[in-house]
Amino acid sequence: MIESKSILNVKIHNFDSSLEEILEKIRSQKNVLVVTLDVHQLLKVNRNKKLREVINNASLVIAAHPSIAKAYHFLYKEKLVCIKDFLFFSNILSYIEQKKMTMFLFGNEEKYFFTIQNKIKKIYPDIQILGSFQDTKDKQELEKAFLGFKKIEPDMFLIHMPFKKSLHWIYEHKDKLSMRFCIPVSRPLDSFAGKIKSPNLKTLEENKEELFYIKRNIFRVFLKLNYIKFWILILFQKLFPKKEKKEKKVKDNNQDINNNIIVNETNNSEANNTNEVNNNISETNNINEENNNKENI
C-alpha cells in the first residue's frame, strides 16, 4: 500500500512494501517520476511553486533523510520509510538489472557520460544502456532527441543534473517525455563520474553523511542552518493546522448544502409530477362520470 501526506506543502510517500515491489506496482504507468528528497531539497521545493508542482505530481516521492522521517512521525504519529539517495540509486540499478530493463543517460555534462556508463556496466554488467544525450538549448535538436526517445523507448531515463535544474527541466518538458521511469539523480551519479567521493555504507547507516560532506567542503557547515529552519517550519505546521483542512471542510459543507438543494429540488419535482398525475386522473374521472351520466339520461 502507498499513501502520501504533506510535509511543508510537499508530498511525501509512505509504503509498507519493499522499493522493488512498489516499482513493480507503478511500472505499468507512463513517465513514472521517482524522486528522493533530503532536508535541503525539501526546503527548496517548498519555496518554489514550479518545483512543488513537479514533486506533488510525481508517482513516488521518497524521504532520503531521517530528519524528514522524524518530522513525519511528529506530525502524523506514523513511521515513515526513509531511503538514502546512494542506497536508493543502488536499489534502482539492481532492479533494472534483475528485470532486464533498458536505461538511457541524460544530463548537462557530456564529458562524464563515458565514465558513468563504464562504472555502471562494471558493477551491473547485465544492464542494457541504450545511449546518452547532453541537454541543449537548441530547440530543434532537442525535439529530434525527443523523437529518438520515443523510438527507442528506454525503461529507465536517468537525469544527471543538479537537483533544481533537473526538476525545472522536467517541468518544461513533461508533456514530451515518453518512457516508463524518469529518475533525476545527482549525488550518486556525481560519485560515479568521479566528481565527489561517496560515503561508505557504515557512514550512511550511522547517519553521518552530513559530517562526511562537511569534511570535504567546509562551507557546507552553513547548511546546518537549514535543519533549524526545517524544524521551525515543522513546529508551525504542527501548531497551526493548514488552511487546506479548513477550506476542505468549507467545501465539504458547501457540497452537502448543494446536495441537499439538489435532493430538495428533486423531491419538489417529483411532488409536482405526482400532483400533475393526480390532477390528470381526477380530470379523467370527471369526464368518465359526465359520460356515464349522459348515457344514463
Counting only heavy atoms not in Glu3, do more than 12 fall under 6.0 Å of its CD? yes
Residue pairs passing the side-chain hydrogen bond (donor to acceptor under 3.5 Å, both in side chains) test where at least one lies in residues 83-96, sequence neighbours excluded: Glu24-Tyr95, Lys84-Asn207, Lys84-Glu209, Asp85-Arg187, Ser90-Tyr124
Report yes if the side chains of Tyr72 and Ile7 come closer than 4.5 Å at any heavy-atom pair, otherwise no. yes
If you apply the rule side-chain contact (heavy atoms from CB on, under 4.5 Å), what do you find for Met156 with Phe104, and how did you get there? CA-CA 6 Å; Met156 194 74 65; Phe104 191 92; over 6 Å; no
What about the rings of Phe157 and Phe149, do their centers lie closer together than 6.0 Å? yes
Of all residues at least two apart in sequence or in a different chain, which pass the side chain to side chain donor-acceptor pair (under 3.5 Å) check with Asp190? His160
Same apolar cluster (I L V M F W Y, side chains within < 4.5 Å links), Ile123/Ile129: yes
Hydrophobic cluster membership, with links at side-chain heavy-atom distances under 4.5 Å among I/L/V/M/F/W/Y: are Tyr213 and Leu211 in one? no
List the residues meeting ring-ring contact (aromatic ring centres under 6.0 Å, His included) with Phe192, not counting sequence neighbours, and say none if there are none. Phe89
With a sphere of 6.0 Å drawn around NZ of Lys25, does it hold more than 12 non-hydrogen atoms of other residues, nucleotides or ligands? yes
Taking salt bridge (Lys or Arg N to Asp or Glu O under 4.0 Å) as the cut-off, I'd like each qualifying pair that reaches into residues 128-147, sequence neighbours left out, listed once. Glu143-Lys176
Do side-chain atoms of Asn14 reach the backbone of Lys79 as a donor and acceptor pair under 3.5 angstrom? yes
Reported CG-to-CG distance for the pair Asn46 and Leu42, which is rounded to 0.5 angstrom: 7.0 Å
All N/O donor-acceptor pairs, side-chain side in residues 110-119, below 3.5 Å, sequence neighbours left out:
unit_1, atom_1, unit_2, atom_2, d
Gln117, NE2, Phe113, O, 3.3
Gln117, NE2, Ser132, OG, 3.4

Leu60 and Val35: side-chain contact (heavy atoms from CB on, under 4.5 Å), yes or no, with the steps? CA-CA 6 Å; Leu60 188 60; Val35 187; over 6 Å; no
Can you tell me how far apart CD (Gln134) and CG (Leu142) are? Round to the nearest 0.5 Å. 11.5 Å
Does any pair with a residue in residues 52-61 pass side-chain hydrogen bond (donor to acceptor under 3.5 Å, both in side chains), and if so which ones, sequence neighbours excluded? Glu53-Lys174
Can you list everything that forms a ring-ring contact (aromatic ring centres under 6.0 Å, His included) with Tyr227? Sequence neighbours excluded, please. His40, His65
Ile159 side chain near Val185 side chain, heavy-atom distance below 4.5 Å: no
Do Ile170 and Pro184 have side-chain heavy atoms sitting under 4.5 Å apart? yes
Sorted by chain and number, sequence neighbours left out, ring-ring contact (aromatic ring centres under 6.0 Å, His included) with Phe163 holds for none
Quiz: residues 193-204 side-chain donor-acceptor pairs under 3.5 angstrom, not counting sequence neighbours:
unit_1, atom_1, unit_2, atom_2, d
Lys195, NZ, Glu109, OE1, 2.8
Asn200, OD1, Lys202, N, 3.3
Asn200, OD1, Thr203, N, 2.8
Asn200, OD1, Thr203, OG1, 2.7

If you define the side chain from C-beta out and look only at heavy atoms, does anything of Lys50 sit under 4.5 Å from His168? yes
Hey, does Val32 have a side-chain heavy atom less than 4.5 Å from the side chain of Arg27? no
Quick one: does Gln237's side chain have a donor or acceptor within less than 3.5 Å of a partner on Asn9's backbone? no
Flag yes if Trp231 and Leu223 sit in one hydrophobic cluster, no otherwise; membership is Ile, Leu, Val, Met, Phe, Trp, Tyr, and two members link when side-chain heavy atoms are under 4.5 Å apart. no
May I ask you to test the Leu37-Ile12 pair for a side-chain heavy-atom distance under 4.5 Å? yes
Verify same cluster id: Phe133, Ile152 (apolar side-chain graph, 4.5 Å): yes
Atom pair CD1 (Ile183) and CG (Leu189), whose distance is rounded to the nearest 0.5 Å: 10.5 Å
Short question: side chain of Gln41, backbone of Asp38 - any donor-acceptor pair under 3.5 Å? yes
Please round to the nearest 0.5 Å and tell me the distance separating atom CD1 of Ile83 and atom CD1 of Ile92. 8.5 Å
Sequence neighbours excluded, which residues qualify as side-chain contact (heavy atoms from CB on, under 4.5 Å) partners of Asp155? Met101, Thr102, Arg180
If you define the side chain from C-beta out and look only at heavy atoms, does anything of Ile62 sit under 4.5 Å from His13? no
When rounded to the nearest 0.5 Å, the distance separating NZ of Lys121 from CD1 of Ile127 is 7.5 Å
What salt bridge (Lys or Arg N to Asp or Glu O under 4.0 Å) pairs are there with at least one residue in residues 4-14, not counting sequence neighbours? Lys5-Glu78
Hey, is the main chain of Ala71 close enough, under 3.5 Å, to the side chain of Tyr76 for a donor-acceptor pair? no
With Arg47, which of Leu43, Leu51, Val45 fulfils side chain to side chain contact (heavy atoms under 4.5 Å, CB included)? Leu43
Checking Ala64 now: which residues fulfil side-chain contact (heavy atoms from CB on, under 4.5 Å) with it, not counting sequence neighbours? Thr36
Within a strict 4.5 Å, meaning less than it, do heavy atoms of the Ile2 and Asp16 side chains meet? no
Verdict with reasoning, Lys70 to Leu80, per side-chain contact (heavy atoms from CB on, under 4.5 Å): CA-CA 8 Å; Lys70 290 176 182 177; Leu80 177 68; over 6 Å; no
